[in-house]
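These notes concern the structure reproduced below.
So that the names make sense, note that chain A is the first sequence line, chain B the second, and so on, each numbered from 1.
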Amino acid sequence: MIKKLASCIGKYKKETILTPIFVGIECSFDVIIPFLMAYLIDYGINASNSKIIIIFGILLVICSFLAIFTGVKSGDYAAKATSGFAKNLRKRIYYNVQDFSFSNIDKFSTSSIVTRHTTDINNVQLAFQMIIRMAVRAPLMIIFSLIMAFVINIKLALIFLVAVPLLGLGLYLIATKAHPIFERAIKIYDKLNNTVEENVRGIRVVKSFVTEEKEIEKFNETSEKIYKEFSKAERIVALNNPLMQFTVATIIVLISWFGGKEIVLGNLTTGEFTSLISYTIQILMSLMMLSMVLVTIMISRASGERIVELMDEKSDLVSKKNAIKDVKDGSIEFDNVNFSYVNDENKLCLKDINLSIKSGQTIGIIGGTGSSKSTIVQLIPRLYDVTSGSVKVGGIDVRDYDIKSLRDQVSMVLQKNELFSGTIKENLRWGNENATDEEMIQACKLAQADEFIRDFQDGYDTFIEQGGTNVSGGQKQRLCIARALLKKPKILILDDSTSAVDTKTDSLIRKAFAESIPDTTKIIIAQRISSVQDADKIVVMDNGKIDGIGTHEELLKNNEIYRDVYESQVKGGKE
Amino acid sequence: MEKHKKAKIDFKVLARVMKYLTKNYKLRIFFVIFCLLMSTIASVGANLYLQTLIDDYIIPLVGNKNPVYTGLIKAILTMGSIYLVATIAEFLSSRLMVKVTEGTLKKIRDEMFCKMQRLPIKYFDTHSHGDIMSRYTNDTDALSQMISQTIPQLFSVVTTIVVIFIAMLLTNIYLTLVVLAFLVIILVVTKFMTSNSGKYFVKQQESVGKLNGYIEEMINGQKVVKVFCYEERAKEKFDKLNEELSKNMYHANKFVNSIGPVNGNLGNTLYAIVAMVGGLLAINGIGNVSVGMIVAFLQLSKTFIRPINQISRQLNAVVMAVAGAKRIFEFMDEEPEKDNGYVILVNVKEEDGKLVEVQEETNKWAWKHKHSDGRVEYIKLEGNIEFDDVDFAYEEGKNVLHNISLYAKPGQKIAFVGATGAGKTTITNLINRFYDIEDGKIRYDGININKIRKDDLRLSLGMVLQDTNLFTGTIKENIKYGKDDATDEEVIEAAKLANAHNFIKRLPNGYDTQISGDGASLSQGQRQLLAIARCALSNPPVMILDEATSSIDTRTEKIVQDGMDKLMEGRTVFVIAHRLSTVRNAKAIMVLDHGKIIERGTHEDLIKNKGQYYRLYTGAFELE
């Protein structure tokens, strides 16, 4: 995991290496400065030597400024390395997601992908910055300070050798004991947020069933649990500071006793004595820092794993080498196709599909919810691969095409279609980046969208809000159709794309298709019989199988499901 | 997001946070403060005592052939005890603080949620869900950070500074002035850095928002991206936003990272300057400065600078926490839903043709109407709904409903059709008083609904909405949502009525299947069936079906229809649907346009009229 994450440092290697180096230099100043201070006191002030006072005073000032310089420099490099690392991480996983196939996308929920881009990267980035700064600084400070302590007085320094591991162990125990409780608490915290979210979204249900009290009770139960768990964890963590203080105090008391004797014996100066105490504090502060780094790394580990999971997810759909780039025509052939979303022969969503469509034909597909209408058409632009059998476009297996070339020729309007924030023009250009205004208007005219677009104050420059919330359902669908038309595809698939369009406009769209793009194969999935009844062929789907193929008249005669649907719509309800 | 280019602390909000802390834990807080004071003073005292220890108990022994250590031992023991006091006080304060912090957070969360349940629907319609959610998450997190860490730290830091400052003044005024002068420099430098980092921090937050928004939009539409081979272009824009965020993040952190080393080493510089000035003064005998005094003073000045560094690092956290607290309090201060209703629902039984109120469940209900003259009237709950010349506006002056009058009796199905925005859903929002009407009257069994207590009014109405919201829990729990004490048989019966039994049976754990994430694993149609079952179980005399079958295909709908018809028997039902086959068999169909009923009648009447309904029916008019 670490190797994979580290590979995202990329061109910020220089900063990533320079940060610890400068941190190291800064550390050495932090250690030298108390040493200089001791000298200044012992041989300057105590000895009333103004020359030494001035020389060492100035030396101290110089050292401090050098330390400021290296400190600022290391901070600067760290900021650059961290922000660069985070940038590369985001880029890496975002790019990988862009390569995802539909089945990859189905595997992760949208919110989990977004969280990995945001919260998880944040955690990892925090840990990264800590590692290149604090995780370098803390051990260095401990080592340097220990060395200085040994230089000053070996006997007294031995006190550290006993105390440091003991405190380290204590801090480690606290961190490892508290961590699992925190993790548990965070899970409950997620549950709490989930409850809030459900209530915000379902407030109408809550209010109309008058279950406010019940929901409050449910919430209080969870929040009580959080309170208990967090309190438990916090109480353990609350030991950190006192433990630290206790150790500091013990060491100081010990140094005072043994050091005092040494001073009396003339083996130690008072300046050295105060330096030892400075080193004591520095060492223990560094230990504290280390335990903090440890906790952060623990927290970010799970995030790191989630990020790597997204990085490692490889698309199962790739273009072959020497893939065919030219789609000859819009003919389609399904040959004994079986398909399962989970690639399991026992969980087939499509069974024994055989269907042949000539270039330029209009095909209607009809069937109930869950009859796999959408599934069948998603195989044509190779959004999924068949489990067995083959799908051919222009006489060639879709798996032999270059994916981009294939999808450029097979244009599909999805059932759950999205418009993106931006002007109408920008949205239309999804279909063709270089489309001219004339081409756009032409496509919109075909999709019966031109008229309402012109009614907007800003016409084609009208801004569409995220998710297309500022246009009506029918308008949104027509814009999506226009966008798909701009590709000038050989095959056009409309997956229930005119459900919110009134029947008259719907028929105008179909008429425009027939007149203006007669060579394009058109596949129309619909709930409404009227949307498909004049198609060249209508396919009736039921439970993943083709239940019947034929024209409107043929199916009315010999297909029960089709007749049922027809009657439910034409006669309506029960009479 | 609120715009605050310049980060400032709102002290009123801060005071309110403090009030929260002290309100419930008065004694505890008092102890915490006492302990914090003790630990701070004791540790500062112990540090100062160290100098006395050296000067008075060690130095005099130097050169002594047979040193007597009893004095030193005593002094060390004294110092040790001071440290012990500091440690114990520290331990107690952090331990006691846990309950204050976590307890206060729990209280704030509970109050927020409780408050949320009392807010009118209008609040939810005018605030984005993300905005409400972030008050529970980001804002509470920031506040928690502040209560548990920043406030105690600030407290001990301020105490330290005051104690040390007094000690410095007592030691030497001139040297104190030197320190103060230097302090000004440190503060100026700190201010420069925090305001710079603050500026970029705001920018960073902005670009985080932009980038996250973009990622969310793209990932949501990822399938469209694939279909249009838009990947490369999606990457381009992402790169631009990502680069921008990285740049702002770099600048913000550059300054934050620098504050520590800069201030720390300015402290060291101060040390050198005090040593030089003091040393030279002492040697030249100016200003009453002794060697021991300088040494003591140096120690003081060092301890003085450290807490100032700590404060400057906490500043950003405080600003963020106070901003968060402000949003939390704003939420809590929202006006709750008002309810002046006094007519309530009670169980009754019939005795000699008269209704008598009883405590036990009889499955017979009546409205208990206490008149102002003290007379108590019982009116049988039947489900008659009457609209009398109703006007309504979401925003003052912009009426969305005009002169709506209608009458619905038990057993009748009333349908509303019309384009998006014609006011169909608005009418149903008025019956259950999600919104209150502007003018006119709505009566339930002849009682003005303004007089009925909202909870009782809503209990007597069943709603199935287009966006079905399910809750985490089992299928059974979801169906029982409105009636906790329902038996399994009742649940199954309701599910059968809604035609949901068949698909539930096929789920891995049947009725005990867990639903999570708003039932994402169920299809929209299945969720609607569950919502219908849920409503059926609660058995209300009046039902409102707002596009309740829109996601069920026409063939299945036909099957559900039988159950629905059974369900509707003897009830008053309001149906909103854009699919005309759903509303055909209604007793009366109201065609709404721009908030007015423009046509009404049975399907046959309306078809005969060849008006708007006819045009809708023949498909000449776009619905949604």
query: Run the salt bridge (Lys or Arg N to Asp or Glu O under 4.0 Å) check on B:K226 and A:E418 step by step: do they pass?
result: CA-CA 12 Å; B:K226 297 309 290 187; A:E418 299 283 348; over 6 Å; no

- prompt: Can you name the side chain to side chain donor-acceptor pair (under 3.5 Å) partners of A:S223, sequence neighbours left out?
  reply: B:K106, B:D110

message: Treating B:E90 as the side-chain partner and A:N241 as the backbone partner, does any N or O pair qualify as donor plus acceptor under 3.5 Å?
response: no

- request: Give the C-alpha distance, both sets of side-chain angles, the deciding distance and a yes or no for side chain to side chain contact (heavy atoms under 4.5 Å, CB included) between B:N429 and A:R204.
  value: CA-CA 10 Å; B:N429 274 338; A:R204 284 189 148 79; 3.4 Å; yes

query: When you check the side-chain N and O atoms of B:N242 and A:Y94, is any donor under 3.5 Å from an acceptor?
result: no

- prompt: Could you walk me through whether A:K87 and B:E243 pass the salt bridge (Lys or Arg N to Asp or Glu O under 4.0 Å) check?
  reply: CA-CA 7 Å; A:K87 182 180 82 181; B:E243 194 65 48; 3.0 Å; yes

Segment of A:I33 engaging chain B (4.5 angstrom heavy-atom cut-off): side chain

- line: If one checks every heavy atom of B:Y136 against chain A at 4.5 Å, the contacting part turns out to be both

field: Check: A:Q98/B:E232 side-chain N/O donor and acceptor closer than 3.5 Å
entry: no

message: With no hydrogens and no angle check, just 3.5 Å: does a side-chain donor-acceptor pair link A:D76 and B:S258?
response: no

- prompt: Do A:E433 and B:R233 sit within salt-bridge range, that is, some charged N less than 4.0 Å from a carboxylate O?
  reply: yes

query: For B:K223, what residues pass the salt bridge (Lys or Arg N to Asp or Glu O under 4.0 Å) criterion, not counting sequence neighbours?
result: A:D106

query: Does the B:N253 side chain pair with the main chain of A:A79, one donor and one acceptor, at a distance under 3.5 Å?
result: no

